[in-house]
Amino acid sequence: MNTFDIDASRLRNPLLITREEELHPFIDWLSEARPGTAIWSVQGIGGIGKTTFLGQIRACARQYGADTVYVDGATGFTNASDLLFYIQTQLQFSDALSMTPLDQLLDQWHERAQFKKTVILFDHFEEMSFLDSFLRREFAPQVPLVNILLVFASRQGLSIGWRTDPNCVMRLRSLVLHPFTWEQSMQYTSEFGIRDLQVQQKISRATAGYPLALAFAVQATEQQDEARFGGDLEAVLELSFRMFSEVAPHLSPLVEGLAFLRSATQEMLVELLQVDIPRDHFRDLSRLSFVRTTEMGLVMHDVARTFLLNDLKLRNPHCRAKGQSEQCVGGSCSSFPCRGTTFCSHLSQHGWP
């Protein structure tokens, strides 16, 4: 197979919808022999599928033989040196103690960029806002002029500084992710195993093409009698969040513990909850639709995390004190989902229909 004839549809995961049209400009860049360095701002509301889309870009890049680095702002980089060391480690560059962290990276990067592409994906970039100025003024202007692709995914897009900075504006491109089409939503429910056409239509209509809501609804419906499924939005979202307790009750304390942490390994959850966590329980936690696996451990989707933390605070005001997290988890706070919370009002704050 010709490496440069890869079709985005070949990257399809049976439980994910590949955004083939949105991937085209990235595949075009990857297919060039020596493309100019480009900066992309990928924008979209919580739950629209930014992380999944970055994963699809990463899969494309690997198919083309490019080096890839995934930087998750939600895992908590504290300063520029930590970020640079992480990128340098992922690219397997050697240390040069006599040089600054940025010079160490750039020195070897310029040499490699002569013959190999590198794609760096910054996810949850709004969580790294304190590094915005450094990345815009010092990092981006000094990266090699060819074979480098920087992709920043966030809710609001890159700041106006990027769009006006003469060192960045000519390289900058923007992409706004939109909800799935009716056909894509129907395809998703079908590929997930729901065969009843009316149920497929009700889920697609109720979730309005929002990928996270769609994933929640499908996973929750899978545990229900399809004949009892309702078609209104509030019902499907309430049903979706019931999976926290109904799909796997033994995971409830683990889900709560993960909500309090930006990222967590099995050992971290054991230390936080002060209970033994069987390996298969941790594996089950990693497979939930609102949890993803990163190099720093498991991370809960920010929309789900915000919902759960707000819900816990409303029902347990003493949870507001950060130092009381351990007291709350596994204790008096382990009673969710919220009975009576209006899911529509909460999700509307995050841009859901």
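We count residues from 1, following the sequence as given.
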Hydrophobic cluster membership, [X] vs [Y], 4.5 Å side-chain cutoff:
| X | Y | value |
| --- | --- | --- |
| V291 | L254 | yes |
| L158 | V176 | no |
| L172 | L150 | yes |
| V42 | I39 | no |
| M128 | L102 | yes |

Determine yes or no for a side-chain-to-main-chain donor-acceptor pair under 3.5 angstrom, with [X] supplying the side chain and [Y] the backbone.
| X | Y | result |
| --- | --- | --- |
| Q266 | I277 | yes |
| Q274 | E271 | yes |
| K117 | A61 | no |
| K50 | G44 | yes |
| T37 | L145 | yes |
| R171 | L149 | no |
| Q200 | I194 | yes |
| R19 | T52 | no |
| R195 | S190 | yes |
| T293 | L298 | no |

Counting heavy atoms not belonging to [X], are there more than 12 under 6.0 Å from its [atom1]?
| X | atom1 | result |
| --- | --- | --- |
| F93 | CZ | yes |
| D28 | CG | yes |
| R283 | CZ | yes |
| Q156 | CD | no |
| Q114 | CD | yes |
| Q142 | CD | yes |

In Å and rounded to the nearest 0.5 Å, what is the [atom1] to [atom2] distance from [X] to [Y]?
| X | Y | atom1 | atom2 | answer |
| --- | --- | --- | --- | --- |
| E267 | L272 | CD | CG | 13.0 Å |
| L106 | Q88 | CG | CD | 10.0 Å |
| R163 | S174 | CZ | OG | 7.5 Å |
| E32 | N147 | CD | CG | 9.5 Å |
| F77 | L131 | CZ | CG | 9.0 Å |
| T68 | R58 | OG1 | CZ | 4.5 Å |

Do [X] and [Y] make a side-chain contact, defined as non-hydrogen atoms from C-beta onward lying under 4.5 Å apart?
| X | Y | value |
| --- | --- | --- |
| Q201 | M186 | yes |
| S41 | L175 | no |
| F134 | L84 | yes |
| V71 | L121 | no |
| T51 | H124 | yes |
| Y86 | T89 | no |
| L135 | F152 | yes |
| L269 | L261 | yes |

>> Parallel, tilted or perpendicular, judged at 30° and 60°: which one describes the rings of F125 and W162?
In response: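 Correct class here is perpendicular.
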
>> Test: ring-ring contact (aromatic ring centres under 6.0 Å, His included). Region: residues 30-49. Which pairs qualify, not counting sequence neighbours?
In response: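 As it turns out, the ring-ring contact (aromatic ring centres under 6.0 Å, His included) pairs with a partner in residues 30-49, which skip direct neighbours, are F26-W40.
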
> With a 6.0 Å cut-off on ring centres, are Y188 and F180 close enough?
Replying inline: no

Do you know the tightest heavy-atom contact between [X] and [Y]?
| X | Y | answer |
| --- | --- | --- |
| L30 | A66 | CD2-CB, 4.3 Å |
| G257 | L273 | CA-CD2, 4.2 Å |
| L177 | F53 | CD1-CB, 4.0 Å |
| L23 | I57 | CD2-CG1, 3.8 Å |
| D82 | T78 | OD2-OG1, 2.6 Å |
| W29 | A38 | NE1-CB, 3.9 Å |

> Between K116 and D67, is there a salt bridge with N-O shorter than 4.0 Å?
Replying inline: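 K116 and D67: salt-bridged.
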
> Which of these, I87, V151, V143, I148, sits in a side-chain contact (heavy atoms from CB on, under 4.5 Å) with I120?
Replying inline: I87

